[in-house]
Amino acid sequence: MPKPNDHVFIVGGTSGLGLAVAEAAHALGCKVTIAGRGADRATEAARRIGPDLRGVHLDLEDSASIEAALSGEDPIDHLVLTPIHPDNQTIRTFDAEVAIRAVRIKIVGYLEAVHHALPRLQPASTVTLFGGLAKANPYPGSTLVSTLNGAITGMTATLAVELAPIRVNGISPCLVEDSPRWQKRIADGAGQAVDLFRAHSPAKRLATVEDIVSGVFFRKREAAAVQLL
Ligand SMILES: NC(=O)c1ccc[n+]([C@@H]2O[C@H](COP(=O)([O-])OP(=O)(O)OC[C@H]3O[C@@H](n4cnc5c(N)ncnc54)[C@H](OP(=O)(O)O)[C@@H]3O)[C@@H](O)[C@H]2O)c1
């Protein structure tokens, strides 16, 4: 659980679950850096939360921007990585160019970001990597995302061993109904799919954004459809 004045650095903090983590960390009195594509967009997202948050440009497809954004000496107490390439594909419509960009972001980019953050991480720091439950519960059309989310399981395990005592966690949400991503999909007609997921979840309820933030913060909360690795 972050303490006041801890520095929380969120890659992918300009929207969605990363933005919710940024807001919650700020509410706890943490120093927050939001990193995402476009300095203006990142700064704007930071300013909307509060005047003392920082926004920096970081594109996980661009090594130079990863290194630049993570250079510095100010310790990072909690590093959170959320991005994913937005396009999903079935194996029948497989497009190697899209897959290479997705791997660049989720696998190479995540590892590169942790690598460049290392000099700023402390023994008590934490790293949280976002995957998703599609790794274990695939659905037609999830081939690319299931593969990438599976890789996050391996990445979490190996980094936990290599970086100990730094705590490394992977978080694998099922669909988060109140996230902007699913609110948009529901508005576009995905309500039935959401009902199906809820009916098949053991708790008969889906995770909320607040559940996910609690998972990132390792904060005690009734668990539902959130798998911590
Ligand atoms: N929401 C859910 O229901 C759900 C369910 C299962 C798993 N997950 C996982 O949880 C994570 C977060 O999901 P979300 O719903 O919050 O997604 P989101 O709303 O799409 O947010 C993703 C964030 O990543 C940033 N981003 C994308 N490409 C980037 C790049 N190349 N470099 C740096 N930043 C980049 C985006 O900002 P810009 O596009 O502005 O750069 C955005 O801030 C994802 O890994 C997703 O697979 C989410």
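Quick note: residue numbers are just sequence positions, from 1.
Put simply, the side chain of Thr147 gets close to the backbone of Thr143: a donor and an acceptor are under 3.5 Å apart. Side chain of His57 to main chain of Gly38: a donor-acceptor pair is present (N/O by atom type, distance under 3.5 Å, no hydrogens or angles). The main-chain N or O of Gly154 is never found under 3.5 Å from a side-chain atom of Thr158 such that the two would form a donor-acceptor pair. Without hydrogens or angle criteria, His200 side chain to Leu196 main chain gives a donor-acceptor distance under 3.5 Å. Between the Ser65 side chain and the Asp59 main chain, a donor and an acceptor come within less than 3.5 Å of each other. At least one donor-acceptor pair closer than 3.5 Å links the side chain of Lys106 to the backbone N or O of Phe130.
In this structure, a donor-acceptor pair under 3.5 Å is absent between the side chains of Asn149 and Ser146. Glu112 and Ser63 share a donor-acceptor pair across their side chains, judged by distance under 3.5 Å alone. Checked by atom type, the side-chain pair Ser125/His78 shows no donor-acceptor distance below 3.5 Å.
With contacts defined as side-chain heavy-atom distances shorter than 4.5 Å, the pair Val21/Leu19 does not qualify. No side-chain heavy atom of Ile100 sits less than 4.5 Å from a side-chain heavy atom of Val98. The shortest distance between side-chain heavy atoms of Leu175 and Val194 falls below 4.5 Å. A 4.5 Å side-chain heavy-atom check between Asp211 and Thr208 finds at least one atom pair inside the cut-off. Side-chain contact check for Arg167 versus Val127: every heavy-atom pair is 4.5 Å or farther apart. Side-chain contact between Leu53 and His26 is present, with heavy atoms from C-beta onward closer than 4.5 Å. Side-chain contact between Met155 and Ile107 is present, with heavy atoms from C-beta onward closer than 4.5 Å. Considering only heavy atoms from C-beta on, Val11 stays 4.5 Å or farther from Val80 through its side chain.
A salt bridge is defined here as a Lys NZ or Arg NE, NH1 or NH2 lying under 4.0 Å from an Asp or Glu carboxylate O, and Glu97 with Arg101 fails to meet this definition. The pair Glu177-Arg185 does not meet the salt-bridge criterion, since no charged nitrogen lies less than 4.0 angstrom from a carboxylate oxygen. Between Arg120 and Glu73 there is no salt bridge, since no side-chain nitrogen of the basic residue lies less than 4.0 Å from a carboxylate oxygen of the acidic one.
The two residues Ala134 and Ser142 have their closest heavy-atom pair at CB-CB, 4.5 Å. Shown here for Val32 and Ala25, the closest heavy-atom pair between the two residues is CG2-CB, 3.8 Å. When all heavy atoms are compared, the tightest approach of Ala35 to Phe9 is CB-CE2, 3.7 Å. Across every non-hydrogen atom of Ile76 and Ala117, the tightest pair is CD1-CB, 4.5 Å. Residues Gly55 and Ala46 share a closest heavy-atom pair of N-CB, 3.9 Å. Considering all non-hydrogen atoms of both residues, Cys174 and Leu206 come closest at SG-CD2, 4.4 Å.
Rounded to the nearest 0.5 angstrom, Phe217 CZ and Asn169 CG are separated by 13.0 Å. Taking OG1 of Thr90 as the reference point, atom CG of Leu144 lies at 10.5 Å (rounded to 0.5 Å). Summarising the geometry, atom CD1 belonging to Ile152 is positioned 9.0 Å from atom CG belonging to Leu159; distances are rounded to the nearest 0.5 Å. Distance check: Thr82 OG1 to Ile171 CD1 gives 11.5 Å after rounding to the nearest 0.5 Å. With values rounded to the nearest 0.5 angstrom, Leu81 atom CG is found 9.5 Å from Leu111 atom CG.
Environment of CD in Gln183: crowded, with over 12 heavy atoms of neighbouring residues, nucleotides or ligands closer than 6.0 Å. Counting non-hydrogen atoms of other residues, nucleotides and ligands closer than 6.0 Å to NZ of Lys204 gives a total above 12. Crowding of Glu162 atom CD: a count of heavy atoms from other residues, nucleotides or ligands under 6.0 Å not exceeding 12.
Among residue pairs with one or both ends in residues 19-43, those qualifying as salt bridge (Lys or Arg N to Asp or Glu O under 4.0 Å) are Lys31-Asp74; sequence neighbours excluded.
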Q: Please step through side-chain contact (heavy atoms from CB on, under 4.5 Å) for the pair Arg54 and Ile34, ending with a clear verdict.
A: CA-CA 6 Å; Arg54 239 181 104 230; Ile34 286 179; over 6 Å; no

Q.
Is there a side chain to side chain donor-acceptor pair (under 3.5 Å) between His7 and Thr33? Walk through the geometry before answering.
A. CA-CA 8 Å; His7 182 193; Thr33 302; 2.7 Å; yes

Q) Going through the distances and angles, do Arg104 and Leu60 end up as a side-chain contact (heavy atoms from CB on, under 4.5 Å)? A) CA-CA 7 Å; Arg104 180 71 182 84; Leu60 288 174; 5.8 Å; no

(Q) If you apply the rule side-chain contact (heavy atoms from CB on, under 4.5 Å), what do you find for Leu148 with Lys135, and how did you get there? (A) CA-CA 8 Å; Leu148 294 169; Lys135 71 179 174 118; over 6 Å; no

Q: Could you give me the CA-CA distance, side-chain angles and deciding distance for Tyr139 and Val145, then say whether side-chain contact (heavy atoms from CB on, under 4.5 Å) is met?
A: CA-CA 10 Å; Tyr139 49 87; Val145 75; 3.9 Å; yes

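Think of Ile91 as one node in a network of Ile, Leu, Val, Met, Phe, Trp and Tyr side chains linked at under 4.5 Å; its network also takes in Phe94.
Clustering ILVMFWY residues whenever any of their side-chain heavy atoms sit less than 4.5 angstrom apart, transitively, puts Met1 in the very cluster that holds Ile10.
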